[in-house]
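Reading through the structure tokens given below for one structure.
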Amino acid sequence: MDKPFSVKDSVNLPRTDFKMQANLVQNEPKMLRFWESIGLYEKILRKNEGRPAYILHDGPPYANGNIHLGTALNKVLKDFVVKYKSMKGFFSPYIPGWDCHGLPIEKRMETELGFGSKQMDILEFRQHCRRYAEKYVGIQREQFKRLGVFGDWADPYLTMSYSYESTIARVFGDFVRMGNVYRGAKPVFWCISCQTALAEAEVEYSDHESPSVYVKFPAKSDFGRAIPEVVGKPVSVVIWTTTPWTLPANLAIALHPDYDYAAVEVDGEILIVAEGLLASFLRDCGLGQGAVLARVKGAVLEGQVCRHPFIDRDSVLVLADYVTLEQGTGCVHTAPGHGQEDYVTGQRYGLPVLCPVDNEGRFTDEVPNWNGMVVFEANEPIVEHMRRTGSLIQAAAISHSYPHCWRCHKPIVFRSTKQWFIALDQSNLRARALEEIKRTKWYPEWGEIRITNMVANRPDWCISRQRSWGVPITVFYCRQCGQVLMDAAVVEHVAGIFEREGADAWYRHSSAELLPPGTACPNCRHAEFDKEFDILDVWFDSGVSYEATSRNRPELPWPSDMYLEGGDQYRGWFHSSLLASLGCRNTAPYREVLTHGWVLDKDGLAMSKSRGNVIEPEAVISQSGAEILRLWVGSVEYREDVRISDEILSRLREAYRKIRNTLRFLLGNLAGFDPTRDACDYASLHEIDRWALARLHQLLERCGQAYDRYDFHIIYHSVYQFCTVDLSAVYFDVLKDRLYTSAAASPERRSAQTALWTILHHLVRLLAPLIPFTTEEVWQHLRPVTDLPESVHLADFPTPQAVWLDAGLLAKWDRVLAIRELVSKALETARQENRIGNSLEARITVFASPGDFAFLESMADDLRYIFIVSAVVLAEKPGVGDGQPEVAVDKAAGAKCERCWNYSAQVGAFTDFPTVCERCAPVVRTLAGKV
RNA sequence: GGGCCUAUAGCUCAGUUGGUUAGAGCGCACCCCUGAUAAGGGUGAGGUCGAUAGUUCGACUCUAUCUAGGCCCA
């Protein structure tokens, strides 16, 4: 039985199953399963197969712990790029990777297994490390997928995979072939109790009591040439140190070039100290007043030579700007074998890296007096010796922060050791790197300056680590003569073994099994060798990632198009990748490098556990959904540091709701609209519908450019503004009358729907890279209507039609909307005066200048709909001039139409439908079947 | 201490080659609507552009210093 006809129910209200409530937290996982079930990633690739490629090569996060907001930001940005390029038709596979070797995992395993792991078989230990890394690869993989990032998650690259490990060895072999690998000395932290090198991260600082001594280094060269006032007098330079045991390795004294140094006469002897520390020096040493004979800049003394206080050796005066006036004498005892800064300074001045201390911390026979003595125990006798021989000025004790071993908690030493290096200035490596940097596009542009400075100034790359979890440096030592066997062909042979068995082979097999048959020492022809046990720096591992990834994937061209990481990677991955790829390919591995900033808290402070201001991506996802996190990434200027806070997230949730509601309104008003059947020609569209398409054109244009420049926040802000202002506040508000009250299939309603459908179909694709879940949800609501690809992510990136961009129309509507604003103000005033409520209760009179009058007259019939009032009267403004139109507001005449809510004097005039107006009467008559 | 970077309304962002009263959206306040309804609409109040000193007829836009913050080194 049909229901009786109801005027009220005869309006075409929006109708859709698309929920206002997104329920992202529950629905996103379902969407992920849907994508998985249709094999979406593969389908996207297949769609673009054979077309130009765009390769964004993933930088591998470390396989340890959960992802944080920085890694989330990074992966989402990459996903924006890849999804956009895919929609643009590029073949754009995304192969995620993980960095699996290295110290953090080793340390973690040592803690978990107990320090007994030192005694554990290395293969077993490495097995534990591998399992640990696998576990976190699995965890992070799920977290990244949860963010809606598309990629080859089933087959990522892992730096610990056998083939990857073999590539690492091969690239090392390339450097060997180039002649850039050498073995040299470098000081490292060394625990004399554990007899092992320690990494920075394994050093703990705690208070320790040390001697504090002032020592005289008598002048050997003629200081009188630099300081005429001291001619003929005995001169000494005074140093201060808390490690007397390093004095036997002293080779130099460092001064600051810009500081003033005083020549002080004390008891007939001239002492040189920094003037800024003179007072504290004299006081500490109880030397009384002392007369300052002269003062000179440190720079003036460069190259002067002193004699070592108790060894028959020179100590040269050098310059270094790390010298401070905080403590001591401003004349810094320099032992290149026992300190990082000393080492660097020594390199600059060509000093040897002297280190007369062995693994156990005992002096070697290079220190005859205390040969065999543990260095810490040698402090006393050395001080005593200097006291006897007159070079000691003062000795006391001092409590200060000193490095200790994290394992045994004993004080450690800084000691030079044999390490492996890649020479930067061999084979033009540095120069070629600088060339390639120039050839690469850096975003932002200052990135080029930053990495150029680093490459130009960096020392040789120390690639060796005294560690277990990594890829060994594949060189051998002749068991007979000790000669190093470093040969590219040998490395290649070993790499072949790694390919089959992984780098574990190094530890599983004897050197005879690893070497090509018949290998003999080039020096003595002996055939027995020992293996090197150092492993490669993990930056070497990740540096070869593109080589390792593209090696087995012929679809990946060289070089890749883009590397996209945080700004810390100028020092890290961008840098090591550049050097590594110069070693194996002689070009940079990337064409473009894009960097993002750091994620900070609401006050712009770095997040840390100690500050307690950390926000976890997991928390954002479980409270708001991944889409909100993605929207955050899309909303901020990520090339600078970005902030996140509860307030920011709550704003984003609101913005998301607005965008979602806009999409929902579009869907709701398209119920029953089939574009292939119902769409109107552009030329027949209502003017405001054409205006909406013109605005859409501008939006698409602007956003397309923004995508090409990776300006994602421009897209977010433009779309948001388009939704709130152009659509919600203007277009939709005006359109509701036409959509709701015209007959469902009337030309005027079809005109509106044509525009709505076009807007939705374009908007949803425009946003797909940024909010893939929501756009897909909309897409699936759209699909039954017409013939669309299975997923929005299989659709093409939207391009506007040229005809939409009607400049004249846009200019005209700028003017209309400006007048509309005046009308709104007048209506608001009337509302405040309680003269109207809803704007349809009003009839307005616009008093306009002749120009405006003519303009408004030309569209007189449309104005009441544009202004959303029941009647518009136009009047010429009294007086001349072209000032702003003035608007008067009256109560509209007649009664409110029950159906369209406009006021009309004719309501009541139609006997069959007495409650409706002249516009609605014919419509309801048709609907009620009364015509 | 060094290299590079940042600092515009409560929030997120725009501000072309220095030039009239510094823009937007959101939020906020007040109001309207109840046929996008855990929606929608309107009006309005908020910055002197981190600070200081310069250059200039004129600076948010140029220079210097400082302050706060970030990454990477030392």
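Nearest nucleotide to the side chain of A:Gln21, out of B:G25, B:C31, B:A38: B:A38. Distances were taken from every side-chain heavy atom of A:Phe665 (C-beta onward) to each of B:U43, B:C33, B:A36; the shortest belongs to B:A36. Comparing B:A14, B:A39, B:G27 against the side chain of A:Met20 picks out B:A39 as the nearest.
Scanning atom types as modelled, no donor and acceptor separated by under 3.5 angstrom connect the side chain of A:Thr662 and the base of B:A36. Taking 3.5 Å as the limit, the base of B:G40 and the side chain of A:Lys736 contain no donor-acceptor pair of atoms between them. For A:Gln721 against B:G25, no side-chain N or O and base N or O form a donor-acceptor pair under 3.5 Å. Residue side chain A:Arg450 reaches the base of B:C71 through a donor-acceptor N/O pair under 3.5 Å, judged by distance alone.
Remark: A:Glu341 in residues 332-347 of chain A come within less than 4.0 Å of RNA chain B through at least one heavy atom.
At least one test fails for A:Arg630 against the ring of A:Phe80: distance under 6.0 Å to the centre or angle within 45° of the axis.
Rounded to the nearest Å, the gap between the C1' atom of B:C49 and that of B:U34 is 42 Å. The gap from the C1' atom of B:A51 to that of B:G69 amounts to 15 Å, rounded to the nearest Å. A gap of 8 Å separates the P atoms of B:G50 and B:U61, to the nearest Å.
With a glycosidic angle more than 90° from 0, B:G18 adopts the anti conformation.
Taking atom CZ on A:Phe867 and atom P on B:G42, their separation rounds to 14 Å, with Å as the unit. We find that OH of A:Tyr716 is positioned 11 Å from P of B:C26, with the value rounded to whole Å. Rounded to whole angstrom, the span from the NZ atom of A:Lys891 across to the P atom of B:C32 amounts to 13 Å. With rounding to whole Å, A:Asp641 atom CG is found 7 Å from B:C71 atom P.
Salt bridge annotation for A:Asp260-A:Lys297: present, with a cationic side-chain nitrogen under 4.0 angstrom from a carboxylate oxygen.
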